[in-house]
Enquirer: 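Dropping the structure in here first, questions after.
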Amino acid sequence: MSLFEVFSALQQQLAGRYPDFPADAVQPERCPAGMTGDLTVNCFRFARFAKLAPDRMAAETAEMLRAHPDVEDAQVIKAFVNVTLRPAALLRDTAAQLERLLNAGLLPVASRRKVLIEYSAPNTNKPQHLGHVRNNVLGMSLAALLKRVGHDVSEINLVNDRGIHICKSMLAYARYGKGETPASTGIKGDHLVGNYYVLFNKVLGEELSAVRGTHPEWADRDDEALFEETELGRAARQMLRDWEAGVPEVCALWRKMNDWVFEGFDQTYRRIGIHFDHTYLESETYLLGKDVIAAGLSAGVFQKRDDGAVTVDLGKMGIKVVLRSDGTSVYMTQDIGTTLRKVEDYTPEELIWVVGDEQNLHFQMLFAIMKKLGYAWADCCFHLSYGMVNLPTGKMKSREGTVVDADDLFDRMAELASAACAERAPETPAAELAARGEIIGLGALKFMLLKFNPRTTMLFDPEASIRFEGDTGPYVQYACARIASIERKAAEQKIDYAPDKVDWSLLGEATEKKLAIEAGFYGAVLQLAAERRDVSGLVEYLLNLAKAFNQFYRECPVLVAPSPELVRARLALAAAVRRILADGLATLTISVPEVM
RNA sequence: GGCCCGGUAGCUCAGAGGAUAGAGCAGCUGCCUUCUAAGCAGUUGGUCGUGGGUUCGAUUCCCGCCCGGGCUACCA
């Protein structure tokens with residue numbers, strides 16, 4: 001059902017005339033720049049349902065449209081019908097009914113679902129970097145979008161807090177830490193632990209070189225293969241065994257260092273605006289899944305191999321081991337177990353995992369296994385797969401220290417933004433500058449990360465990416481701030497521009513109509529983005545709406561418009577646009593400063 | 001080798017069976033005594049990797065090839 005009365009009417013007429021005409025065939029689009037018209041109907045798309053040649057369909061459609069009182073003109077070009085609406089009708093169906101427009105994004109109650117989304121999933125051996133930030137921002141914005149269209153969404157984190165990589169930083173700290181703490185050094189906990197992870201790898205590198213020197217015959221073996229040939233590697237492996245055996249000193253060290261990291265993560269999450277409904281710890285879930293394997297084995301879903309390993313035949317994807325020959329679990333076992341735990345805890349109708357694309361196959365396999373095990377929700381699992389973030393210098397590698405640290409990046413963005421604010425408004429108090437810098441800087445970063453299609457391997461060029469002009473978050477925030485400023489002045493002048501006090505038919509300028517039309521697409525954009533589980537369409541839309549506003553702002557003075565009636569009408573239009581822009585940004589988890 | 005993803009303007013990226021392929025940045029030209037110039041307007045720049053096929057119509061769909069990335073563990 002179109003927002004526009006004309007097109008709903010057209011849909012009904014066509015459906016009445018042609019029995020096979022689909023319910024949502026009429027989809028008005030924006031009329032391309034340079035063409036005369038406000039909206040356009042592409043008759044190529046539905047001519048076949050009426051069994052008409054496209055040009056005949058267009059002629060008939062145009063005729064119907066011309067007969068409607070809302071239509072000023074309808075021109076046929078090929079099989080497109082370009083429709084010019086009377087301003088009163090155009091505005092009546094869009095900006096004049098702001099609440100309806102904002103609610104157009106909501107799904108019918110029957111299609112709202114209980115959704116569980118898992119993202120972030122950091123390791124507790126190092127601080128988060130830009131790659132994690134992309135994950136976090138994708139996860140939190142998708143959660144916000146799904147909530148925005150009416151779903152019941154729970155956000156969860158699954159922290160990888162155990163394993164050999166955790167023991168690496170623990171071991172380095174135990175040997176070289178001299179008892180230092182975040183408090184004694186003033187270093188944020190996750191960074192302090194991360195420093196020891198880097199130190200471990202440095203020392204390990206030296207030992208590996210030494211081993212290679214004394215054993216030339218191992219030259220072709222990689223670091224992984226030589227890990228246990230080093231003293232440090234063996235010690236780390238022993239530490240993992242001790243941890244699993246519950247050796248008190250090891251467990252105490254593990255607990256202490258994890259607490260430091262969690263404190264650091266909390267700060268980072270708070271700053272970016274994430275709140276998880278629950279955080280699962282791998283140390284508490286890694287043994288899950290084994291019982292399911294046993295059940296699946298007796299049900300014939302899994303097979304026991306001669307060597308004792310349990311496998312599952314996934315056809316084209318191959319044979320996957322789900323239990324080692326020694327009876328211990330692999331990653332897949334754990335993921336099966338934690339998935340079942342999540343379903344038990346939340347009874348979701350849909351499950352989403354935000355995880356990098358290197359795990360595409362893993363998730364295809366996981367979902368296939370769930371389906372084989374007969375779970376009804378197995379068809380409602382979705383892996384939101386995203387590409388890596390590369391730097392101009394190449395890939396980011398934690399071990400080699402070539403990462404863009406999340407906290408540093410936030411600082412840098414906020415500093416640059418507040419410096420830009422200070423330049424524009426030097427009188428502003430420092431605290432206010434800092435607050436604005438935080439909103440604008442973080443907004444710019446989030447917006448930049450969300451502008452890309454998740455699957456693309458994106459390039460982060462610090463010089464080029466840290467910008468506040470052009471296709472950026474601040475561009476959209478700036479449009480909001482401009483409108484807010486106009487609204488403040490209107491309030492001072494006590495101008496009443498409540499929608500019912502406004503003569504909307506006065507808004508007939510090209511930029512006014514274009515702005516109202518763009519605003520009218522908001523609900524459809526939200527729904528499409530939610531359906532695709534991809535917010536990048538919303539990002540694109542907000543840029544277009546902000547751009548349409550800036551053009552309007554240039555060409556149509558609001559407060560100094562020729563007549564008081566026009567002032568009110570333009571004010572009401574601008575105010576409606578600000579609500580939409582702010583709503584859209586909020587759906588991307590980006591806030592808006594009052595002043596820029 | 002097999003599977004998956006990508007190759008669109010100098011750069012970073014949109015688009016998608018339909019009307020002349022878009023945006024931002026970079027380059028060049030204009031616009032602040034006018035509601036905030038983080039802005040607006042104009043302009044330069046493209047055989048949409050390549051060869052076939054399907055179609056009234058392909059950059060978009062299908063097949064082959066080339067290039068880049070990922071995955072292909074009893075790692076997580």
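So that the names make sense, note that chain A is the first sequence line, chain B the second, and so on, each numbered from 1. The figures here come from the full heavy-atom set of this structure, side chains too, leaving out hydrogens, waters and symmetry mates.
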Enquirer: Going by 5.5 Å between centroids and 30° between planes, is there a stack of A:Y478 over B:G39?
Expert: no
Enquirer: Each nucleotide N or O in nucleotides 2-10 of chain B that has a protein N or O under 3.5 Å away: list the pair and distance.
Expert:
residue	atom	partner	partner atom	Å
B:G6	OP1	A:R455	NE	3.3

Enquirer: For a quick test of reading the model: is some side-chain N or O of A:Q551 closer than 4.0 Å to OP1 or OP2 of B:A41?
Expert: yes
Enquirer: Under 4.0 Å, counting only non-hydrogen atoms across every strand here, what does A:R570 touch: a base, just sugar-phosphate, or nothing?
Expert: nothing
Enquirer: Describe the nucleic acid contact of A:P32 in one word from base, sugar-phosphate, nothing, applying a heavy-atom distance below 4.0 Å.
Expert: base
Enquirer: So what does A:A490 touch, heavy atoms closer than 4.0 Å: a base, only the sugar-phosphate, or nothing?
Expert: nothing
Enquirer: Heavy atoms from C-beta onward define the side chain here; which of B:A76, B:G70, B:G15 lies closest to that of A:E282?
Expert: B:A76
Enquirer: The side chain of A:E469 is closest to which nucleotide in this list: B:A14, B:G39, B:G18?
Expert: B:G39
Enquirer: Syn or anti for B:C32, taking syn as within 90° of 0?
Expert: syn
Enquirer: Which of the following nucleotides, B:U20, B:A38, B:G18, is nearest to the side chain of A:K78?
Expert: B:U20
Enquirer: Please check the phosphate of B:G24 (OP1 and OP2 only) for any side-chain N or O of A:K547 closer than 4.0 Å.
Expert: yes
Enquirer: With sugar-phosphate meaning primed atoms plus P, OP1 and OP2, does A:Y475 contact a base, only sugar-phosphate, or nothing at under 4.0 Å between heavy atoms?
Expert: sugar-phosphate
Enquirer: At under 4.0 Å between heavy atoms, what does A:L543 touch on the DNA or RNA strands: base, sugar-phosphate, or nothing?
Expert: nothing
Enquirer: How would you label the contact of A:D335 with the nucleic acid (heavy atoms, under 4.0 Å): base, sugar-phosphate, or nothing?
Expert: nothing
Enquirer: Among B:A37, B:A41, B:A76, which is the nearest nucleotide to the side chain of A:R482?
Expert: B:A37
Enquirer: Contact class for A:S325 vs. all strands (heavy atom < 4.0 Å): base, sugar-phosphate, or nothing?
Expert: base
Enquirer: Which one, B:A23, B:C25, B:C13, comes nearest to the side chain of A:R467?
Expert: B:C25
Enquirer: Please confirm whether the backbone N or O of A:P462 pairs with a side-chain atom of A:S465, one donor and one acceptor, at under 3.5 Å?
Expert: no
Enquirer: Are A:F468 and B:A38 stacked, counting the six-membered base ring, centres under 5.5 Å, planes under 30°?
Expert: no
Enquirer: Given B:C35, B:U20, B:U12, which nucleotide is nearest the side-chain atoms of A:M35?
Expert: B:U20
Enquirer: What's the closest nucleotide to the A:L459 side chain, out of B:C40, B:G70, B:U12?
Expert: B:U12
Enquirer: Distance check: side-chain N/O of A:R424 vs OP1/OP2 of B:A38, anything under 4.0 Å?
Expert: yes
Enquirer: Counting side-chain heavy atoms from CB outward, which of B:G24, B:A38, B:C71 is closest to A:C421?
Expert: B:A38
Enquirer: Given B:A19, B:C40, B:A76, identify the nucleotide with an atom nearest to the side chain of A:N160.
Expert: B:A76
Enquirer: Say you pick atom P in B:G17 and the same atom in B:U33; how far apart are they, in whole Å?
Expert: 48 Å
Enquirer: Test your reading of the model: is there a side-chain donor-acceptor pair from A:N123 to the backbone of A:N125, 3.5 Å cut-off?
Expert: no
Enquirer: Mapping A:T328 and A:K489 to their closest nucleotides on RNA chain B, which lands nearer the 5' end?
Expert: A:K489
Enquirer: Using a 4.0 Å heavy-atom cut-off across all strands, classify A:F44 as base, sugar-phosphate, or nothing.
Expert: base
Enquirer: Side chain of A:R533, backbone of A:L142: donor and acceptor closer than 3.5 Å?
Expert: no
Enquirer: Please determine whether a side-chain nitrogen or oxygen atom of A:Y331 lies at a distance below 4.0 Å from atom OP1 or OP2 of B:A76.
Expert: no
Enquirer: Between B:C31, B:C35, B:U36, which one does the side chain of A:R488 approach most closely?
Expert: B:U36
Enquirer: Does A:R162 use its side chain to pair, donor to acceptor, with the backbone of A:W254 at less than 3.5 Å?
Expert: no
Enquirer: Any chance the rings of A:F367 and A:F382 have centres within less than 6.0 Å?
Expert: no
Enquirer: How about A:H383 and A:N360: do any of their side-chain heavy atoms sit closer than 4.5 Å?
Expert: yes
